[in-house]
Asker: 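I'd like to ask you about the structure that follows.
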Amino acid sequence: MLSPTVSSRQLPPLQNTTPTQNTPKGPNPCPPSNLPITHFSSPSQLQQLHSHLIKSGRPLSTLPLSSVAAVCALSSPSAFSYARQIFHRAAHQPETVLWNSRLNSLASSASPADALALFARLRRSDIALDTFTLSFVLKACSKLSALSLGRAVHGLVEKLGFHSDLFLLNTVLHMYASCGEMDIARLLFDKMPIRDVVTWNIMITQYTKVGEMDIARELFDSMPERSIRSWTALIAGYVQCRNPRQAIHLFHEMEAAGMRPNEVTVVAVLAACADLGALDLGRRVHEYSDQCGFQKNIQVCNTLIDMYIKCGCLAIARRVFDGMEVRSVVSWSAMIGGHAMHGQGEEALELFSRMTRAGFQPNAVTFVGLLHACSHMGLLEEGRQFFASMSRDYGITPEIKHYGCMVDLLSRAGLLEEAHEFIKNMPVEPNSVVWGALLGGARVHKSIKMGEEAIRHLSLLDPLNDGYYVVLSNIYANAGHWENVARMRRLMRDRGVKKTPGWSTVALDGVVHEFVAGESDHPQVEEIYRRWEELLEKLRQRGYIPDTSAVLHDMDEGEKEQVLYRHSEKLAVVFGLMSTPPGTSIRIMKNLRVCSDCHAALKLISEIADREIIVRDRNRFHCFKGGSCSCRDYW
DNA sequence: ATGCCAGCAA
């Protein structure tokens, strides 16, 4: 590993544990080695220290050179030349620089452990360590979460008197923080005499990583100056903890403060747009990115693709994808998953074959998209083939989400018994997604037996999720088993299962309007309800009959209809219709699955109003157009 | 001739 052309000195081999001259032996009359070596106020004290360093085998670069200069420069000419000597010897250590570079490239590589091995050998050699050496080792420790070695290196930083080097101290801080030792990091941070913007950024980032957004925000607000990275770190933190509104709010604050977003900021804010469905801002950020030349950045493009897909603009996502000069497996996987979610399974499969022909290795995420495509298109055999192929041809071990996709595929195809067997034979413990997929198939294929079997497991795995009980209740209602519908209602009440409030959002002119089922705090609520009544009349003329089977409350049909008419996606679509010019597409984001009544109503509305209505529900997209839906009524 | 902090697909 160590090229002989690099160094004339021999390093000890990796496994060599014999002590070298670096290890002090026996009693030492000189200052003990744990004494800080910064303390000298005369050239003679410096000389003592110098000799101690030589005896203990430590390099001259460990001397604080600024103190050497201060002590010697104003003394006698001999002291001055002595200082020059030290300077020359301390600075002239080209090999340290050489090994540092090697250490750095190892620490930055995919196997930072190699850097630790090299460091161990350096320590046993007589090559001097400097602040750079330690910072590279700490970087490797951070990446490996090697806390105990990190602590030891921190000790070395103190011992060698490097504790006034802010760069190095920041690296130490980062090491503790990225090892999850926020308490130690905070202690260190609090007692640091000097901090710079990097110091603060490290603390902010790590607090966001452990979900302490309030502390991160507090630090952000109290730091003396903020760099673009400070803003980006906090914005990304809000994105990670699923608070996209706060992320976007902060982004606006950042713009107001005159900060220019860079590629990383753009990625973070686009992720927030994707989560929230904030298409307007997403588009604006896209334009800005093009102006700045960010379209060359693969990650920016990947995030743009994801944003457009999640905002329901599959065609624009595809344009971004097609325009990329260089793509990564993430680009391909995102696009494949996008076509799948939008009900374009054939296109997803076509992209996959292009991807492999182009020499890309698909990964676990690629297969999630592919299996989704197969399951949404009912491509049973293709799905089985892909599932078999992922481990056989690509060496990818199926994860729980792939098993979930397979159960979904089989269940949707009506092979409920096979799906059930598949679950029982899975090598991993089935989770609620897996049983939920079987429940979904039981709903589509009206199987009370499988619905009950799925609920038996779901009520243990995810007992407070109301969605599952509602689905089984729908199955009962569909079969006319009203006593079981009532039983489900009692069961939910007894178990304290709370109905998750359904909400839908529509983004208009950069403002995200939120509608919550049954609630009416929107300023235009009166008009929305009036327009709905008008629309309802037209729907009825087209043969719309309210399907109240999804309403679980104990009430009469008329009341149930009123509950249905207050479903958030209906309010959102009415608001969208009245607030946008004819012909405009309406994009709605919903936190739950679309209920069957809303699905039927939205199909008719798309025809009556002659509008494209795109609804993102918690699983997929529904594109309603001309009276039908891209999901082919199979969701 | 070398250093610290922010980001993407499920």
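So that the names make sense, note that chain A is the first sequence line, chain B the second, and so on, each numbered from 1. Not measured: the values here are computed from a predicted model.
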Asker: At under 4.0 Å between heavy atoms, what does Ala236(A) touch on the DNA or RNA strands: base, sugar-phosphate, or nothing?
Answerer: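 Sugar-phosphate, no base atom in range.
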Asker: Using a heavy-atom cut-off of under 4.0 Å over every strand shown, decide if Thr232(A) touches base, sugar-phosphate, or nothing.
Answerer: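 Thr232(A): base contact, heavy atoms under 4.0 Å.
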Asker: Can you check the Arg229(A) CZ to dC5(B) P distance for me, whole Å?
Answerer: 8 Å
Asker: Base, sugar-phosphate, or nothing: which does Ser333(A) touch, judged by heavy atoms less than 4.0 Å apart?
Answerer: base
Asker: Nearest to the side chain of Val97(A), which nucleotide is it out of dC4(B), dA10(B), dT2(B)?
Answerer: dT2(B)
Asker: Looking at Phe220(A), does the NZ or CZ of Arg226(A) lie under 6.0 angstrom from its six-membered ring centre and within 45 degrees of the ring axis?
Answerer: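 Yes, a cation-pi geometry.
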Asker: Quick one: Arg260(A) CZ to dA6(B) P, roughly how many Å, whole number?
Answerer: 23 Å
Asker: With distance as the sole criterion, do the side chain of Gln299(A) and the base of dG7(B) form a donor-acceptor contact below 3.5 Å?
Answerer: yes
Asker: Please state how far atom CG in Leu138(A) lies from atom P in dT2(B), giving the value in whole angstrom units.
Answerer: 19 Å
Asker: State which of dC4(B), dG3(B), dA6(B) makes the closest approach to the side chain of Phe136(A).
Answerer: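 For Phe136(A), the side-chain atoms sit closest to dG3(B).
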Asker: Using only side-chain N and O atoms of His174(A), determine if any of them is under 4.0 Å from OP1 or OP2 of dC4(B).
Answerer: no
Asker: Could you tell me whether a side-chain N or O of Lys143(A) sits under 3.5 Å from a main-chain N or O of Ser108(A), the two making a donor and an acceptor?
Answerer: yes
Asker: May I ask you to verify if any side-chain N or O of Lys139(A) is less than 4.0 angstrom from the OP1 or OP2 atom of dC4(B)?
Answerer: yes
Asker: Would you mind classifying the nucleic acid contact of Ser227(A) as base, sugar-phosphate or nothing, using non-hydrogen atoms under 4.0 angstrom?
Answerer: nothing
Asker: Hey, is the side chain of Asn100(A) pairing donor to acceptor with the base of dA1(B) inside 3.5 Å?
Answerer: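 Donor-acceptor pair under 3.5 Å: no.
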Asker: In whole angstrom, give the distance that lies between atom CG of Leu188(A) and atom C1' of dC5(B).
Answerer: 15 Å
Asker: Whole Å only: how far is the CE atom of Met175(A) from the C1' atom of dC5(B)?
Answerer: 16 Å
Asker: What nucleotide, of dA10(B), dC4(B), dC5(B), holds the atom closest to the side chain of Asn201(A)?
Answerer: dC5(B)
Asker: Tell me the interatomic distance from Arg242(A), atom CZ, to dA10(B), atom P, rounded to whole angstroms.
Answerer: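 Roughly 10 Å, once rounded to whole Å.
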Asker: To the side chain of Phe132(A), which of dA10(B), dC8(B), dG3(B) is closest?
Answerer: dG3(B)
Asker: Phe251(A) has an atom CZ; how far is it from atom P of dA6(B), in whole Å?
Answerer: 20 Å
Asker: Base, sugar-phosphate, or nothing: which does Glu263(A) touch, judged by heavy atoms less than 4.0 Å apart?
Answerer: base
Asker: If you check the Lys401(A) side chain, which of dA10(B), dG3(B), dA6(B) turns out closest?
Answerer: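 Nearest nucleotide to the side chain: dA10(B).
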Asker: Identify the two heavy atoms, one from Thr133(A) and one from Ala128(A), that lie closest to each other, and give their separation to 0.1 Å.
Answerer: OG1-O, 4.4 Å
Asker: Take the angle between the ring planes of His372(A) and His376(A) and call it parallel below 30°, perpendicular above 60°, tilted in between.
Answerer: parallel
Asker: In this structure, how many angstroms lie between the P atom of dA6(B) and the CZ atom of Arg217(A), rounded?
Answerer: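 The distance from CZ of Arg217(A) to P of dA6(B) comes to 19 Å, rounded to the nearest Å.
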Asker: Under 4.0 Å, counting only non-hydrogen atoms across every strand here, what does Val365(A) touch: a base, just sugar-phosphate, or nothing?
Answerer: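 If one applies the 4.0 Å heavy-atom cut-off, Val365(A) turns out to touch a base.
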Asker: Looking at Arg186(A) and Glu212(A), does any basic side-chain N land under 4.0 Å from a carboxylate oxygen?
Answerer: no
Asker: Heavy atoms only, 4.0 Å cut-off, all strands: where does Leu168(A) land among base, sugar-phosphate and nothing?
Answerer: base
Asker: Would you mind telling me which of dG7(B), dA9(B), dA6(B) lies closest to the side-chain atoms of Val267(A)?
Answerer: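 Within the option list, the nearest is dG7(B).
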Asker: With side-chain contact (heavy atoms from CB on, under 4.5 Å) as the test, pick out the partner of Ser411(A) among Val407(A), Asp408(A), Leu409(A).
Answerer: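 So, applying the side-chain contact (heavy atoms from CB on, under 4.5 Å) to Ser411(A) and each of Val407(A), Asp408(A), Leu409(A), only Val407(A) qualifies.
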Asker: Between dG7(B), dC4(B), dA6(B), which one does the side chain of Ala233(A) approach most closely?
Answerer: dA6(B)
